[in-house]
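Residue numbering restarts at 1 for every chain, and letters A, B, ... go by the order of the sequence lines. Because the structure is a prediction, the values reported are computed rather than measured.
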Number of protein chains: 2
Amino acid sequence: METITIKDIAKMCGVGVSTVSRAINDHPDINQETKNIVMQVIKENNYIPNNSARNLKRSDSRTIAVLIKGISNPFFSSMIKIFENEIQRKKYSFVLHRVEEQEDEIDVAVELVKEKRLRGIVFLGGHFTHTAEKLEQVKVPFVLSTIGVKENNLINKGFACVAVDDFKESYKMVDYLCKNGHKKIAIISSSISDESIGKRRLEGYKKALEDNHIFYNMNLVRTMREDIETYTMKNGYEVTKDLLESNEEFTAIYAISDSLAIGACRAIMEAGKNVPNDYSVAGFDGLEIGLYYNPSLTTIRQPVEEMAFETIKMLFDLINKKTTPDSKIFPAKLVIAESTRKI
Amino acid sequence: METITIKDIAKMCGVGVSTVSRAINDHPDINQETKNIVMQVIKENNYIPNNSARNLKRSDSRTIAVLIKGISNPFFSSMIKIFENEIQRKKYSFVLHRVEEQEDEIDVAVELVKEKRLRGIVFLGGHFTHTAEKLEQVKVPFVLSTIGVKENNLINKGFACVAVDDFKESYKMVDYLCKNGHKKIAIISSSISDESIGKRRLEGYKKALEDNHIFYNMNLVRTMREDIETYTMKNGYEVTKDLLESNEEFTAIYAISDSLAIGACRAIMEAGKNVPNDYSVAGFDGLEIGLYYNPSLTTIRQPVEEMAFETIKMLFDLINKKTTPDSKIFPAKLVIAESTRKI
DNA sequence: TTGTATGCGTTATCAC
DNA sequence: GTGATAACGCATACAA
């Protein structure tokens, strides 16, 4: 069976192709009756218009793409749901596109704009180390959402960002631990080369220690292993196991993500110790699992829903030229749960 | 700035469009030198070919699509990685496409085949209640992977499936609980209307009870709440809370997914009880979190990696016409961990 | 209200 | 090896 085209449908109906096209696209200038007939024939023959051809012709597609780096991050799933709803509510259609770890998201974006005639883009997650020049290749409005950006690099430089202040929130957590009597606080952080989220969270840690007059002990700064996928439970587990075996003394571990923190908890338990009695453990992100874990996880909860709504609002304001690109920093919340205690 | 096309590049280089096309597509009939020049100009101008136009012209795209229902399922992420690697290894390109809960995956597939000139499709997850007739609309080879299919419906009816035997594996778990002295085993299952995975796991539960001469108590059969997203921790938590408050006696809970089981554990702990001392809890799937949870989770581990490899192998065998569609059932493994005990 | 003709950006089929 | 040119399937300006 040959693939069926709009011409075939037109012939079957005894009408011109443009009539069929009008029927498909809910064009106003068409007789309701002929439209019904056309739609009927289309249904009977399982005709589906070729999207490549449509996109090629159209200049306007009312489509928003969300580009997400790494699909496995549970942090994003609730945001995506909101994106989806909000975008549909505005009568736009929504394309979720995953960009692989080694791909350049800007290149992918440029390609997608051409292919799908996008009206706007959301870049979700990942570390963003592009120059402003590179970003300018993207010719449609876009928002960088929950993306770790280099301080003073993109934010305040005319790009639209939605994020939390990783430095400040990280400080908040470490300060909380200090105020609860912890003086030997280990951190599970990202590698030195990371210029993004990880670095800023580490800086928050350092500053909090300093302000609390606590000696900064390099041996307590542990970086994720590079031979294991980063920001995972397994990584947190292995790093913590090493830490415990090093016999370096500490009373708390601050992991820069909840997944890492959960791995840390497990490592501690397997060493026959208790959380939080022997060691306090804190995370960052506010994943759902933190609520259900045992012990429930002390963490920094990012206001994901609000951030998602703001991302879409910002994007549409940009599309409708109501605003110029700007950044919006959301406050996150210190959630105190069972995994940390006062000593 | 106008979008730049192949024509513009051709003019800039002083060559014909076909030469540019040849350069882009690694065509053999082209002088290496002119190719270099063309590629240079392309790079300088950030030219990116329009995929819609390419797909429109091409008959052959060497592209495989993976259609996944619901993006949040952590069960899939490791499979996707393998798909990606394997597909690239075969010099095909890979498109991940998410299909929304209410969408019809077959319609999406048919559309995508036309748009992207797909060579093959993997349907991943979800409940599959399509008729054979409907499936035949898909004109390229496809594999149903880890999809709950109605018994005797699709399997053995000329469709390619990769799955575990949900009935048998569920039986295995419940039988294990029975053999460990549990006589009052609650189940967190799916709603009655579910004709897919959930139903088969429930049937396995029933049969195991029967074979162990245990009375089937309807009050211990709990279904996920429909007002909360299914197969989630929250759902397991709420259902278990209800169960505990009902004062119906039981010594074990078998949840038909790990996420549900984790929610169940939390509900039990919050009621001041202990897992496994007061209640044993078992799950199904073998998610990574089960290893890190406290207590670690007794579960049925599906051999996700093997299943992913087999899925791709099967698909390429189909594409290369080495085989006809067939189903392959993988054995899963009962993983005994800390969340269950003998009584 | 409807049909015809043109072009979207690319690849493939020819000639050269 | 290279360059015109005809499709690919559709939307749309324009004619009817």
Side-chain angles (χ1 to χ4, degrees), chain A residues 1-39 41-42 45-63 110-118 139, chain B residues 1-39 41-42 45-63 110-118 139:
Chain A
M1 182 188 119
E2 292 304 305
T3 60
I4 179 170
T5 78
I6 196 171
K7 270 190 184 171
D8 301 319
I9 298 292
K11 258 176 211 152
M12 288 175 186
C13 299
V15 300
V17 285
S18 41
T19 305
V20 179
S21 177
R22 287 186 189 101
I24 294 170
N25 297 301
D26 286 321
H27 223 79
D29 288 349
I30 183 172
N31 185 306
Q32 185 60 41
E33 218 170 296
T34 52
K35 181 172 173 179
N36 289 147
I37 295 170
V38 171
M39 292 312 270
V41 174
I42 285 176
N45 293 76
N46 296 117
Y47 165 67
I48 296 181
N50 183 318
N51 264 324
S52 294
R54 303 184 98 172
N55 290 330
L56 189 56
K57 273 305 288 185
R58 282 199 279 235
S59 45
D60 164 24
S61 79
R62 292 182 75 86
T63 302
V110 173
E111 189 169 347
L112 225 43
V113 168
K114 285 197 180 178
E115 181 176 343
K116 303 268 189 194
R117 309 291 181 187
L118 299 182
K139 299 296 181 194
Chain B
M1 179 188 124
E2 292 304 304
T3 59
I4 179 168
T5 77
I6 196 171
K7 271 187 182 172
D8 302 319
I9 299 292
K11 256 174 212 154
M12 290 173 184
C13 299
V15 300
V17 285
S18 26
T19 303
V20 179
S21 178
R22 286 186 188 100
I24 296 168
N25 297 298
D26 286 322
H27 224 80
D29 288 350
I30 184 171
N31 187 307
Q32 185 59 40
E33 219 170 292
T34 51
K35 180 171 173 179
N36 289 146
I37 296 169
V38 171
M39 293 311 272
V41 174
I42 285 177
N45 294 74
N46 297 116
Y47 165 68
I48 296 182
N50 183 317
N51 264 323
S52 293
R54 300 184 102 170
N55 290 328
L56 188 57
K57 262 314 279 187
R58 281 204 277 235
S59 43
D60 166 25
S61 78
R62 291 182 76 88
T63 302
V110 172
E111 189 170 346
L112 224 46
V113 168
K114 284 196 180 178
E115 181 177 344
K116 303 267 189 193
R117 310 290 182 188
L118 299 181
K139 300 296 183 194

Can you tell me the distance, in whole Å, between the [atom1] atom of [X] and the [atom2] atom of [N]?
X        : N      : atom1 : atom2 : value
B:Ile30  : C:dA12 : CD1   : P     : 14 Å
A:Glu111 : C:dT10 : CD    : P     : 11 Å
B:Lys35  : D:dG1  : NZ    : P     : 13 Å
B:Ile37  : D:dG1  : CD1   : P     : 15 Å
A:Asn55  : C:dG7  : CG    : C1'   : 16 Å
A:Asp29  : D:dA15 : CG    : C1'   : 14 Å
B:Glu115 : C:dT10 : CD    : P     : 16 Å
A:Asn36  : C:dT1  : CG    : P     : 14 Å

Are [X] and [Y] close enough that some pair of their side-chain heavy atoms sits under 4.5 Å apart?
X        : Y        : answer
A:Val113 : A:Lys139 : no
B:Asn50  : A:Arg117 : yes
B:Met39  : B:Ile42  : yes

Steps toward side chain to side chain contact (heavy atoms under 4.5 Å, CB included) verdict (B:Ile24, B:Ile6): CA-CA 10 Å; B:Ile24 296 168; B:Ile6 196 171; 4.3 Å; yes

Any residue of residues 15-27 of chain A with a heavy atom less than 4.0 Å from an atom of DNA chain C: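 Here the set is A:Val15, A:Gly16, A:Val17, A:Ser18, A:Thr19, A:Arg22.
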
Verdict with reasoning, A:Arg22 to A:Val15, per side chain to side chain contact (heavy atoms under 4.5 Å, CB included): CA-CA 11 Å; A:Arg22 287 186 189 101; A:Val15 300; over 6 Å; no

Gap between atom [atom2] of [Y] and atom [atom1] of [X] - 0.5 Å precision:
X        : Y        : atom1 : atom2 : value
A:Arg62  : A:Leu118 : CZ    : CG    : 13.5 Å
B:Glu115 : A:Lys116 : CD    : NZ    : 4.0 Å
B:Arg58  : B:Asn25  : CZ    : CG    : 6.0 Å

A:Lys7 vs A:Val20, side chain to side chain contact (heavy atoms under 4.5 Å, CB included): CA-CA, chis, key distance, verdict: CA-CA 9 Å; A:Lys7 270 190 184 171; A:Val20 179; over 6 Å; no

Five-pair end axes of the helix from C:dT1-D:dA16 to C:dC16-D:dG1, angle between them (10°):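 Comparing the first five pairs with the last five, the axes sit 40° apart.
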
Heavy-atom donor-acceptor pair, A:Asn31 side chain to A:Glu33 backbone, under 3.5 Å: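 Here the side-chain-to-backbone pair exists.
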
Report, one pair per line, the protein and nucleotides 7-9 of chain D atoms (nitrogen or oxygen only) whose separation is under 3.5 Å.
| unit_1 | atom_1 | unit_2 | atom_2 | d |
| --- | --- | --- | --- | --- |
| D:dA7 | N3 | B:Lys57 | NZ | 2.6 |

Stepwise side chain to side chain contact (heavy atoms under 4.5 Å, CB included) check, A:Lys114 with B:Ile4: CA-CA 10 Å; A:Lys114 285 197 180 178; B:Ile4 179 168; 4.0 Å; yes

